[in-house]
J.: 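Before we start, here is the structure in question, set down as structure tokens.
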Amino acid sequence: MLKQIEGSHAMAEAIALCRPEVVCAYPITPQTHIVEGLGELVKKGDLVNCEYINVESEFAALSVAIGASAAGARAYTATASQGLLFMMEAVYNASGLGLPIVMTLGNRAIGAPINIWNDHSDAMSVRDSGWLQLFAETNQEAVDLHIQAFKIAEELSMPVMVCVDGFILTHAMERIDLPDQATVDAYLPPYDPVQVLDPASPISIGAMVGPDAFTEVRFLAHYKQTQALGLIPELAREFAERFGREAGGLLRSYRSEDADLVVVAMGSVCGTIKDTIDEMRDDGIRIGLVTIVSFRPFPVEALRFALAGARDVIIVEKSIAVGMGGQLADNVGAALRNLPRPPRLHSAVAGLGGRPITRASLHQLFRQATVQPWEGTHFLDLNERVVGREIHRKRKSRRSGPTAENILRQLAIASGLPAAE
Amino acid sequence: MTHPVATLAPEDAVQKLKYYQKGTFTVGNRLVAEAERSVQASRDRSNALTCGHRACQGCGEALGARYAIDAAMRATNNSLIAVNATGCLEVFTTPYPETSWQLPWLHSLFGNAAAVATGVAAAMRVKKRNEVRVIAQGGDGGTTDIGFQCLSGMFERNDDVLYICYDNEGYMNTGVQRSSATPPAARTATTPAVGPEPGNVFGTGKSVPRIAVAHNIPYVATATVADLHDLERKVTRAMGIHGARYIQIDVPCPLGWGAASQDTIRLARLAVECGLYPIFEAEHGKVTAVRKIRRQVPVTEYLKLQRRFAHLFKGDHEDPRVARLQAICDANIADYGLVDAASEDA
Amino acid sequence: MFQVRIHGRGGQGVVTGAEMLSIAAFFEGRHAQAFPSFGSERTGAPVVAFCRIADREIRLREPVLDPDCLIVQDATLFKVVDVFAGLRNDGHLLVNSNKSFAELRIGEAVNRLPKGHAVIVPATEFALKHVGRPVPNAALLGAFAALTQFVHIDSVKRAIEEAFPGKVGAANIAAAMEAYAFVLSQQQAASAA
């Protein structure tokens with residue numbers, strides 16, 4: 001049914017349709033509306049057979065989900081940024097134990113400095129954990145990916161993280177088609193655990209594994225994600241058949257078949273990029289886009305196939321591995337090496353801490369890539385004057401003060417507003 | 001002086017037998033009525049923690065866990081799931097690839113046993129398997145320190161979980177480091193017996209049982225491996241209650257405390273009898289019962305058996321901190337009313 | 001695609017206004033995207049919300065940089081925020097105030113726009129009169145419908161009802177209707193002049 005609805009509320013309704021049995025709620029901007037929405041559905045009696053638990057921290061949230069999942073219940077929680085870091089130990093524990101928990105990550109920057117706005121640094125911080133990571137481009141896809149996520153997780157017996165851009169998707173109201181219960185039920189059967197705590201058939205879960213077996217256990221986790229490379233497209237196909245629209249999969253291409261220059265990106269920025277591409281195509285530039293949906297497992301083969309014909313590839317991403325560069329660029333580079341004629345790679349970092357990514361800036365970036373290519377990582381829309389001043393200040397004096405505050409003061413002075421004392 | 005047999009009254013002619021064992025703490029006692037026998041005395045016990053585990057000789061925790069879990073199994077008709085924190089118990093019961101647990105058992109992390117147990121209990125509720133009950137268990141490190149946040153959360157929500165803390169007063173599995181349950185003056189690897197104030201510092205530490213009582217949860221109890229009947233009784237009572245429950249068991253650690261492995265139960269008894277480890281029960285924020293001290297002993301009798309307190313007894317005069325420890329005992333005795341004015345022998 | 005940018009202060013219902021507009025467009029079978037500028041929430045602080053309306057899927061996710069219509073819910077913002085940034089030369093301007101453009105000292109910006117594209121509406125007055133609270137967003141939507149003719153007033157009424165059921169909704173609708181009639185009569189007077 002078509003609704004004009006806030007992204008997070010749509011997600012809550014979609015998750016409710018998946019019949020979660022245990023939902024753990026701890027608030028953190030920007031996902032809070034999702035768990036609030038679920039809480040309301042439970043309290044009103046719209047979502048039945050669901051235990052909704054208000055926990056005391058994100059660490060507790062995922063831990064409760066771990067217990068519930070190990071005991072055979074379909075478990076769900078949501079977090080972002082600092083909350084994800086706080087539950088980090090449990091994140092690795094959940095994937096190490098192979099529990100099919102689904103978690104929404106309302107992508108938000110990680111501090112310090114504290115920042116509540118969108119970027120992908122939180123998702124990047126757990127990319128090695130063994131969780132599958134799927135990135136939604138639109139709120140419609142966010143809804144659809146949650147439904148697919150439960151199925152993928154339970155078939156694979158591995159936890160899945162659905163990444164949705166904080167504020168940009170979570171707090172946007174748009175037209176979304178919410179499926180009906182019957183279609184979801186037909187797609188997603190009740191949870192049938194691979195392992196379960198049951199007095200009728202006791203097992204011990206969570207033993208220590210020593211040097212003699214740890215490698216094999218980790219190999220099998222890696223192998224599972226390899227299997228996911230086949231499972232994800234298969235379940236996306238089944239989704240399309242049942243629900244009548246495309247969503248999910250490993251990646252998708254937009255006008256890239258004959259493109260010399262292909263942009264690679266994830267999440268909501270892809271919408272803006274598509275508009276930019278259309279404008280540049282009108283100017284005769286052969287440019288296209290590959291949207292990566294499944295970041296983990298990383299779709300190496302599919303990406304090589306999608307980019308094989310490109311001369312230049314620009315990776316635009318909302319995170320940076322400090323001291324190294326963009327993580328997505330790094331992964332794309334690794335996927336493309338050993339191609340007979342690998343495209344030239346250009347790495348751009350944009351939208352950090354919620355800075356808007358505009359068509360104007362993208363136009364400039366995409367043109368610059370071929371005309372004036374750069375080395376290393378390019379920070380889109382970097383205020384070089386401010387940065388230069390701060391570097392100079394630090395050189396001049398040892399007690400130069402906190403960097404973030406200095407920059408904010410500079411910006412306040414520049415905008416003519418009174419600087420905070 | 002004996003009377004001639006012919007002049008004895010009939011009732012005097014029969015020697016009365018006194019069964020000494022009936023009134024003792026012996027747990028294998030088959031002279032008591034069946035209902036009063038310990039769970040461990042029964043061949044039908046679930047043996048949920050079975051033999052073959054790798055605990056140290058004289059491990060108080062293994063002893064306590066065996067009694068506690070089998071009592072819980074009997075109370076729940078073997079419908080029990082256990083969630084274990086990282087620690088000694090988890091490590092010595094599941095040496096890969098073996099396990100000594102004969103009930104469904106989950107080990108997640110060090111600090112989240114209470115939260116994981118909450119999740120298991122929620123799953124049982126949603127699956128409408130109300131007969132299945134949940135126990136979370138861990139050592140003092142995983143309970144009073146790193147597990148404290150999750151524990152308090154579980155208490156506050158009144159989740160249907162019994163949390164059992166096996167208190168051996170330190171992080172033993174990692175080499176005897178200090179926890180917030182380590183008594184003052186005790187030597188550990190992180191409170192070494194050197195410098196002007198050797199051993200653990202006075203004025204630190206927390207009583208999680210008292211904090212549990214402050215959460216107003218349905219049932220809180222401390223227990224000891226010196227009174228295993230009492231431990232079983234408390235676990236059984238706890239399993240008859242729904243909601244958040246906490247039992248903390250004093251379990252001496254021969255290795256960590258520097259005590260002889262055969263002294264485990266003796267030490268546990270001395271800890272009770274000197275007043276350092278009050279044994280009590282509480283419900284909804286109020287203490288409801290205490291275990292009276294039969295014969296109060298000075299704290300030195302307890303301390304002298306443990307090398308972790310040896311530095312208090314070097315030199316000619318007694319370290320003044322012994323008196324401070326005695327003062328703690330005296331305060332406990334006063335607070336809990338552990339000694340009656342005219343104390344009787346049991 | 002039609003882009004609207006709404007400026008106001010926290011507590012004035014700026015975000016709800018953008019959402020109601022998107023709902024009105026939805027009822028007409030169109031695609032609409034409404035979102036706030038995601039600042040820290042603080043009553044009284046400047047707030048911006050956006051609404052895009054189109055007949056096909058809206059893919060763009062940047063803030064509205066070149067609005068077709070600018071709605072200013074609080075006239076004190078002119079001194080504080082560059083409200084007019086990016087306003088298209090053929091764009092519309094809707095200001096909530098009792099004063100005139102000259103008194104507000106924005107005559108220059110107004111004159112750049114085509115005749116009849118800029119209007120002042122005492123929306124807070126209408127809100128106080130009908131709803132009893134100084135929240136002008138519903139009234140401004142009625143004014144928007146009249147000014148731009150981009151959404152039908154009936155859709156606006158349905159959207160207000162959707163956001164505020166019952167008596168509160170009816171009161172807001174009344175405020176919107178009065179603002180609608182006000183702007184229509186202004187435009188008739190202007191074209192007659």
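Chain letters run A, B, ... following the sequence lines, proteins first and then strands; every chain starts at 1.
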J.: Does any backbone or side-chain atom of A:Asp212 lie under 4.5 Å from a heavy atom of chain B? Answer side chain, backbone, both or neither.
T.: side chain
J.: Of all of B:Ala114, B:Gly111, B:Pro97, which one pairs up most often with chain A through heavy atoms under 4.5 Å apart?
T.: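 Sorted descending by pairs with chain A, the first entry is B:Gly111.
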J.: For chain A, which candidate among B:Thr94, B:Asn112, B:Leu109, B:Val116 shows the most heavy-atom pairs at distances under 4.5 Å?
T.: B:Leu109
J.: Is it true that the side chains of B:Ser152 and A:Glu56 contain a donor and an acceptor less than 3.5 Å apart?
T.: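 Distance-only check fails for B:Ser152 and A:Glu56.
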J.: In terms of heavy-atom pairs under 4.5 Å with chain A, which of B:Leu80, B:Ile81, B:Leu106, B:Thr99 leads?
T.: B:Leu106
J.: Above 12 or not: heavy atoms from other molecules or residues under 6.0 Å from CG of A:Leu178?
T.: yes
J.: Which atoms of B:Val91 come close to chain A, meaning under 4.5 Å heavy atom to heavy atom: side chain ones, backbone ones, both, or neither?
T.: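 Side chain only.
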J.: Is there side-chain contact between B:Trp101 and A:Pro202, with heavy atoms separated by less than 4.5 Å?
T.: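 When only atoms from C-beta onward are counted, A:Pro202 and B:Trp101 do not touch, as no gap falls below 4.5 Å.
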J.: Chain B heavy atoms under 4.5 Å from A:Ala65: which part of the residue, side chain, backbone, both or neither?
T.: neither
J.: Using non-hydrogen atoms and a 4.5 Å limit, figure out which bit of B:Ala117 sits close to chain A: side chain, backbone, both or neither.
T.: neither
J.: Could you tell me which portion of B:Met124 (side chain, backbone, both or neither) has an atom closer than 4.5 angstrom to a non-hydrogen atom of chain A?
T.: side chain
J.: Heavy-atom pairs under 4.5 Å with chain B - which of A:Val209, A:Ile53, A:Ile203 has more of them than the others?
T.: A:Ile203
J.: Report which part of A:Ala90 has an atom under 4.5 Å of a heavy atom belonging to chain B: side chain, backbone, both, or neither.
T.: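 Both backbone and side chain.
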J.: B:Glu98, B:Glu156, B:Lys128, B:Arg129: which one forms the most heavy-atom pairs within less than 4.5 Å of chain A?
T.: B:Arg129
J.: Going by side-chain contact (heavy atoms from CB on, under 4.5 Å), A:Leu197 matches just one of B:Val83, B:Leu103, B:Val134, B:Val120. Which one?
T.: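 It is B:Val120; the other options fail the test.
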J.: Determine the option with the most heavy-atom pairs under 4.5 angstrom with chain B, choosing from A:Ala200, A:Ser204, A:Gly206.
T.: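 The residue among A:Ala200, A:Ser204, A:Gly206 with the greatest pair count is A:Ser204.
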J.: Going through the checks in order, is the side chain to side chain contact (heavy atoms under 4.5 Å, CB included) test met by A:Met208 and B:His107?
T.: CA-CA 9 Å; A:Met208 180 182 284; B:His107 163 237; over 6 Å; no
J.: Grab the two heavy atoms, one from B:Asn78 and one from A:Pro199, that are nearest each other, plus how far apart they are.
T.: O-CB, 3.7 Å
J.: Is there a side-chain contact between B:Thr118 and A:Val55 in this structure, where contact means two heavy atoms from C-beta onward sitting under 4.5 Å apart?
T.: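 The answer is no; the side chains never approach within 4.5 Å.
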J.: Around atom CD of B:Glu131, are there more than 12 heavy atoms from other residues, nucleotides or ligands closer than 6.0 Å?
T.: yes
J.: Where does B:Gln102 contact chain A at under 4.5 Å (heavy atoms): side chain, backbone, both or neither?
T.: backbone
J.: What part of A:Cys24 gets closer than 4.5 Å to chain B, counting heavy atoms only: side chain, backbone, both or neither?
T.: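 The answer is neither part of A:Cys24.
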